[in-house]
Each structure stands twice: as structure tokens, then as C-alpha cells.
A.B. asks: 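Encoded as C-alpha cells, here's the structure I'll be asking about.
Side chains are part of it too, since the values below use all heavy atoms of this structure and drop only hydrogens, waters and symmetry mates.
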Amino acid sequence: MTTIEHAAIRVHILGITLQSDVSEHRLLEELRRRGYRVQPSDLRLALDDIVRRGLIERHDTMRRCRNRRTYEATPAGRMAWADECRALSKFTHEVFGTQLPPLPAQVGLDDSQAWSSAPRRQNGETKTSRATGQRAF
């Protein structure tokens, strides 16, 4: 797996865990649905790393006499997801010439919090395109 694929998988894991507590099985299914060939052991290594960095929390609960492990994004994970989306979008823009997309609503942050490296005007407003209403970068 390439470095870019590892980064994309990490972004997907963070994005999926933004929505709710999710199990390893659901994460694996979702990553495979998106076209990644991820083995359970690779997923666990990625999850352990993301938990260690404090970006997601691991919850162990009993369900029908079985231990169920789920994961949920932390506030730091939300910010990291936004930062990583920005970095991947910037990379895409540089390589393919596409515009940076607006931040998805599910992240729960406005652009001023997430795109902290965006150019600012004197009064603190970011520059937007009149034609599209989108931020100009």
C-alpha cells in the first residue's frame, strides 16, 4: 500500500468515526466498499495509531454476552480530519488543478476553524468567489 493510500485510509477512518460509534467490522466493510484492499490486521494497526494520537476513542462494551469494540472521533480528531482533508485537497489541486472543496457539514466546524492556514483579509474575512460563493484559495 502506498503512502497516499495510508493517508487516504486514515482520512476515511476519521471521517467515518465523525458520524457515530462504529465497529472495526463496519469500518472494514466501508473501506472495502470504497475500493481499499484492507486486511483486518492492517486496520487494527491504523486504529491503534489513531487512538494513540488521541484522534479517536476506543469504547469496549458488552453486547449479547460479547465484547463489542467501537470507535468515535474526538474533538482533536475532527480538527485533524479537517486538516488532512485540506492537505489532500491541496495536493489534488496542485496535481490535477481542481478547486478545494468546501468543508463537509458533518465535521461540525466552520471554515474559519478548519482552514486556519487560509489567506485572511484585514477584517478577518476570507476571500470568496462572487460567481460561486465558494472560498478562493
Side-chain angles (χ1 to χ4, degrees):
M1 201 174 302
T2 67
T3 303
I4 291 175
E5 287 174 317
H6 282 287
I9 287 170
R10 185 175 55 246
V11 170
H12 281 304
I13 290 171
L14 287 171
I16 295 165
T17 60
L18 288 174
Q19 299 165 11
S20 65
D21 281 3
V22 293
S23 66
E24 287 180 20
H25 180 74
R26 180 162 170 244
L27 281 167
L28 191 62
E29 283 180 342
E30 187 62 26
L31 290 169
R32 287 179 176 167
R33 186 186 69 76
R34 295 176 187 200
Y36 295 97
R37 290 186 227 152
V38 181
Q39 299 301 316
S41 59
D42 295 330
L43 176 61
R44 279 187 219 100
L45 287 173
L47 289 169
D48 288 345
D49 178 56
I50 298 169
V51 167
R52 187 173 51 256
R53 292 172 47 202
L55 304 179
I56 60 176
E57 292 178 337
R58 181 180 288 140
H59 303 284
D60 291 318
T61 57
M62 290 297 288
R63 187 174 178 187
R64 296 185 188 133
C65 299
R66 293 184 61 194
N67 190 26
R68 182 170 191 254
R69 179 172 284 175
T70 58
Y71 298 86
E72 182 179 24
T74 64
R78 289 178 180 277
M79 290 301 290
W81 181 80
D83 289 343
E84 293 198 22
C85 282
R86 169 118 171 92
L88 287 171
S89 294
K90 183 177 185 284
F91 172 76
T92 301
H93 173 69
E94 290 169 353
V95 174
F96 302 108
T98 61
Q99 279 194 333
L100 294 172
L103 202 74
Q106 79 248 25
V107 75
L109 301 171
D110 64 29
D111 279 351
S112 67
Q113 292 172 308
W115 305 141
S116 57
S117 63
R120 300 272 178 207
R121 296 216 174 231
Q122 285 181 335
N123 63 1
E125 295 177 355
T126 57
K127 185 177 178 182
T128 57
S129 167
R130 289 183 185 188
T132 64
Q134 301 258 340
R135 284 173 59 148
F137 289 91

A.B. asks: What I want to find out is whether R33 reaches E29 closely enough, with some N-O distance under 4.0 Å, to be called a salt bridge.
C.D. replies: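 Here R33 does not pair with E29 in a salt bridge, since their nearest N and O are not under 4.0 Å apart.
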A.B. asks: Nearest heavy-atom pair of A8 and L88: which atoms, and what distance?
C.D. replies: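 The pair with the smallest heavy-atom distance is CA-CD1, 4.5 Å.
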A.B. asks: Mind checking the CG-OG1 spacing from D21 to T61? Nearest 0.5 Å is all I need.
C.D. replies: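 Reported value, rounded in 0.5 Å steps: 8.0 Å.
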A.B. asks: Could you measure the distance from the OG1 atom of T70 to the NE2 atom of H25? Nearest 0.5 Å is fine.
C.D. replies: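 These two atoms lie 14.5 Å from each other.
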A.B. asks: At what distance, to the nearest 0.5 angstrom, does CG of L47 lie from OH of Y71?
C.D. replies: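 Answer rounded to 0.5 Å: 4.5 Å.
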A.B. asks: First locate atom OG of S23, then atom CD of E30, and finally report the distance between them rounded to the nearest 0.5 Å.
C.D. replies: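 The distance works out to 11.0 Å.
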A.B. asks: Which atom pair, heavy atoms only, marks the closest approach of Y36 to E5?
C.D. replies: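 Looks like CE2-O, 4.4 Å.
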A.B. asks: Which value, rounded to the nearest 0.5 Å, describes the distance between I13 atom CD1 and L28 atom CG?
C.D. replies: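 It comes to 9.5 Å.
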A.B. asks: If every non-hydrogen atom of A76 is compared with every non-hydrogen atom of L55, which pair is closest and at what distance?
C.D. replies: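 Heavy-atom minimum between the residues: O-CD2, 3.7 Å.
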A.B. asks: Should we say atom NE2 of H59 is surrounded by more than 12 heavy atoms from elsewhere, each under 6.0 Å from it?
C.D. replies: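 Counting other residues, nucleotides and ligands, NE2 of H59 exceeds 12 neighbours.
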A.B. asks: Taking all non-hydrogen atoms of both residues, which atom of E84 and which atom of A7 are closest, and how far apart?
C.D. replies: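 Heavy atoms only, the tightest pair is OE1-O, 4.2 Å.
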A.B. asks: Show the nearest heavy-atom pair for residues I56 and A73, with the distance to one decimal.
C.D. replies: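 Closest pair (atom of I56, atom of A73, distance): CG2-CA, 3.9 Å.
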A.B. asks: How close do R34 and I16 get, counting heavy atoms only, and between which atoms?
C.D. replies: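 Where R34 meets I16 most closely, the heavy atoms are NH2-CG1, 4.0 Å.
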A.B. asks: Going from CZ on R58 to CG on D48, what distance comes out if it is rounded to the nearest 0.5 angstrom?
C.D. replies: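 Here the rounded value is 4.5 Å.
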A.B. asks: Between the side chains of D49 and R53, is the shortest nitrogen-to-carboxylate-oxygen separation below 4.0 Å, so that they form an ion pair?
C.D. replies: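 Yes.
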